[in-house]
Amino acid sequence: MTPTATEGLEQFSNTAGVARALKRAARHLVPPAPLKPSVWAEANVRIPAGNAIPGPIRFDNAPYQREPMDMATHPGCYRISLMWGAQVGKTQLALCLQGYGIAHEPRSQMMMQPSQGDLTTWLETKFNPMVSANPVLENLLAKPRSHEGVNNQRMKSYPGGFLMFAWAGSTKTMRGRSAPWIVADEVDGYSGTDEGDEVELLWQRAATFGDQRLLVEISTPTIKGESRIEAAYEMGDQRRFYVACPHCDHHQALDWHQVTWDKDEDGNHYPDTAAYVCKHCGAMWNDGERIAAIRTAEQVGAGWKSAKPFRGHASYHLNELYSCFRRLRDIVQSFLDKKAKGDLQSFINVSLAETWEEQGEQAEAHVLMERAETFRAPVPAGGVVLTAGIDMQQDRLEVETVAWGYGNESWSVDYTVLWGDTLQDEVWRDLDDYLATTWTHETGAQLGIVAACLDTGGNAGYTQRAYEYARGKTGRRLFAIKGVPGWDRPVVTAPSRKKTGRGQRKVDLFSVGVDEAKLTIMRRLAVAEPGPGYCHIPADREAEWFHQLTAEKLVTKYLKGVPKREWHQTRPRNEALDCRVYAYAALKIASPNLKRHAARLAEYEKPDDVEERDAHEPVIDALREPPPAEPEPRKRKTRRKATRPRKNFVNHW
């Protein structure tokens, strides 16, 4: 202590204690040296025992960590997105940034994990061991159960700020908290909340810090179209790490498709022969050359290169091929093991840091558009009965009327949207008028809708309104339905009776196996030639209808190696597909006698004042029943006890 600093201390009884306090305070009042986070980390951070290489951290083994870490202090950067694979140190990068925000440039921080269990694991296996191995950090954090500050499972305080913890799905851990630095780990594991996206909720609460705020998102990706980190990466400047070929000096990003290994005609693989093939000269790199190319990338002018201009959001993609601690043979063996178990998705997500695109059954909108046709009449000759499917939304009813023929060949006769608040009566009166409409058949006959299905799913209130409308209308062949997921279910099951109000008549509610019904519809849309199962589409249908009809895809996901089929929605709207499913359910419930309906149309005589069609004979031919199959050998008849048929509205239209 200088004489000036010690002047006036004689007035205190504990002169030595006051002097130590002043010395400690003076150390915190000195401005920090202008160090980048990567430089500070190499000078102060020690990797705890239990890791692959414990001791002082050295970025020579992972040079790709420097730039993303230093971007945290870039004056124009407010967001960093890391779509990284396994074994490349993304967790260590976040820990170094948090240590920098504790010791060198103190500021308040937030850390979010997918669940409370993930947060506890991260604290016990990552953060706390790092603090214990680094005296600089250990001396700054408040001691547990002391008067210096807070140090528990929810928050850790230190001079100049605090580090608070939260987990996805719990708005309670986010409410009323804000900090300029936010680290969101494994964001693809977040499930969302009723109040909105977790990351956006934290980001909005950091808005008061202005240019000082920073969001760091880290995750391995998951499903294409659903991955948060992939969406964040594409919003940023999309940087990839380039290395130079040791043979031709060509700069390139490491790609899994360039990895090769020997395999024989019997299907045996030899991962020990794995090598990386240069994209330019075709030279094969061994592990030593690959690791050397990674370590010297920045020295030879390679390193991180962006695909888009930087506008404050830096995004990085990195796969496991960049790990200097993994040999190619081990990565290839991991690929072969995952493929053998049917769990290739985990290799694509975790090792290659790429999204998994599910392969499944789906109709293509552009293919259906190309085969749209002009109908010769509102209801072409082959269609003999009409059914309707009605999808209920809060502000509208969407209805498709479908004509059905032999072999479930179908024609989309009409698609209408009835706008109006479905809690009010007006839109339902419009539906009454629509269901009473008739369409002209190619023979000249007028066809009405023989059955219609009304979806009652949705919000509470709207379901009740659908019940009220459908009540008592089964005799008029309008049926209330509810979609039920699950496989190996019939398309339609027997109805159950649902109450619609005190003292009111119950409604008959049919359950529709939507998974099986959608599979049937998708396979029929894939039929390429007119005939049984073929779906005819009018040429005047709008493009949006085609996209809605093909808005779902049947995919197979593997959960812990167990395959699970489910429908994945690829577009936000799918009402057209739902309406087609409901129209098909109406056909199954009504089960009309197509032969009898076709016979009536074939016998229809036009009025005298209607001009005869030149192609009348082809129309009659289309109504004729397909030729019967070859007769089967006669079987011996057995006498059965006569039973009285059940009398209900399903068996007796």
Side-chain angles (χ1 to χ4, degrees), residues 64-65 67-72 74 76-86 88-91 93-94 97 112 114 168 182-192 196-204 206 213-242 251-258 279 302-322 344-359 362 365 547 551 553 555 557 568-573:
Y64 42 78
Q65 291 183 345
E67 182 183 299
M69 194 179 300
D70 293 341
M71 285 299 293
H74 189 287
C77 184
Y78 66 89
R79 187 174 183 180
I80 301 172
S81 301
L82 305 179
M83 187 167 70
W84 286 16
V88 291
K90 57 183 181 293
T91 302
L93 187 150
L97 278 179
M112 176 176 279
I182 300 171
V183 176
D185 195 15
E186 294 298 341
V187 295
D188 270 22
Y190 297 178
S191 57
D197 182 81
E198 295 96 336
V199 177
E200 291 299 326
L201 289 174
L202 288 180
W203 188 235
Q204 291 174 3
R213 64 176 181 164
L214 173 72
L215 172 62
V216 180
E217 302 162 286
I218 305 171
S219 185
T220 53
T222 50
I223 304 297
K224 189 171 185 63
E226 299 179 7
S227 174
R228 297 169 184 246
I229 196 63
E230 183 189 46
Y233 172 76
E234 293 177 349
M235 290 170 59
D237 55 6
Q238 300 178 12
R239 307 187 189 195
R240 299 195 68 184
F241 196 82
Y242 284 72
H251 293 186
Q252 57 198 284
L254 298 183
D255 192 342
W256 169 250
H257 297 292
Q258 300 302 119
K279 297 179 181 179
W304 289 108
K305 296 182 181 181
S306 62
K308 295 168 58 178
F310 173 68
R311 293 188 174 90
H313 183 181
S315 59
Y316 299 86
H317 177 265
L318 202 72
N319 59 44
E320 194 177 10
L321 295 176
Y322 289 93
L344 198 56
Q345 178 183 343
S346 63
F347 179 81
I348 299 296
N349 293 159
V350 178
S351 294
L352 302 187
E354 296 175 358
T355 52
W356 172 261
E357 187 169 6
E358 301 284 0
Q359 302 297 324
Q362 181 186 30
H547 293 300
K553 175 170 65 174
V555 299
K557 295 183 178 180
H568 172 65
Q569 192 166 327
T570 59
R571 291 176 57 86
R573 294 189 57 188

Inset, instruction - To the nearest 0.5 angstrom, please state how far the NE2 atom of H568 sits from the NZ atom of K553. - result: 6.5 Å
Legend entry - Where E230 and M83 come nearest, the two heavy atoms and their spacing: CA-SD, 3.7 Å
Inset, instruction - Under the side chain to side chain contact (heavy atoms under 4.5 Å, CB included) rule, what do M112 and Y190 come out as? Steps first, then yes or no, please. - result: CA-CA 10 Å; M112 176 176 279; Y190 297 178; 3.4 Å; yes
Legend entry - D185 CG to K90 NZ distance, which is reported to the nearest 0.5 Å: 8.0 Å
Inset, instruction - List the steps, then state whether side chain to side chain contact (heavy atoms under 4.5 Å, CB included) holds for N319 with W256. - result: CA-CA 9 Å; N319 59 44; W256 169 250; 5.9 Å; no
Inset, instruction - Please round to the nearest 0.5 Å and tell me the distance separating atom OG of S315 and atom CD of E234. - result: 9.0 Å
Inset, instruction - Over all heavy atoms of both residues, which pair between A365 and H547 is shortest? Give the atoms and the distance, please. - result: CB-ND1, 3.7 Å
Legend entry - Separation between CD1 of I182 and CG of L202, rounded to the nearest 0.5 Å: 5.0 Å
Inset, instruction - Please report the shortest heavy-atom distance between T355 and S227, naming the atom on each side. - result: CG2-CB, 3.7 Å
Inset, instruction - For this output row, return yes or no: ring centroids of F347 and W356 closer than 6.0 angstrom. - result: no
Legend entry - Check against side chain to side chain contact (heavy atoms under 4.5 Å, CB included), L82 and L93: CA-CA 10 Å; L82 305 179; L93 187 150; 4.0 Å; yes
Inset, instruction - Consider only side-chain N and O atoms of T220 and N349, and report whether a donor and an acceptor are under 3.5 Å apart. - result: no
Legend entry - Contacts of type side chain to side chain donor-acceptor pair (under 3.5 Å), residue R79, not counting sequence neighbours: E217
Inset, instruction - For the residue pair W304 and W84, categorise the inter-ring angle as parallel (less than 30°), tilted (30 to 60°) or perpendicular (more than 60°). - result: parallel
Legend entry - Rounded distance [0.5 Å steps], CD in E320 versus CG in L254: 12.0 Å
Legend entry - Ring centers of H74, F310 separated by less than 6.0 Å: yes
Inset, instruction - Indicate yes or no: does R239 engage E67 in a salt bridge with an N to O separation below 4.0 Å. - result: yes
Legend entry - Nearest non-hydrogen partners of P114 and G189, listed with the distance: CB-O, 3.9 Å
Inset, instruction - Output yes when a side-chain donor or acceptor of Q204 lies under 3.5 Å from a complementary backbone atom of V199, and no otherwise. - result: no
Legend entry - Distance-minimising heavy-atom pair for A94 and I218: CB-CD1, 3.6 Å
Legend entry - Shortest non-hydrogen contact between H313 and S81, atoms and distance: NE2-OG, 2.8 Å
Legend entry - Reported CG-to-CG distance for the pair L321 and D255, which is rounded to 0.5 angstrom: 8.0 Å
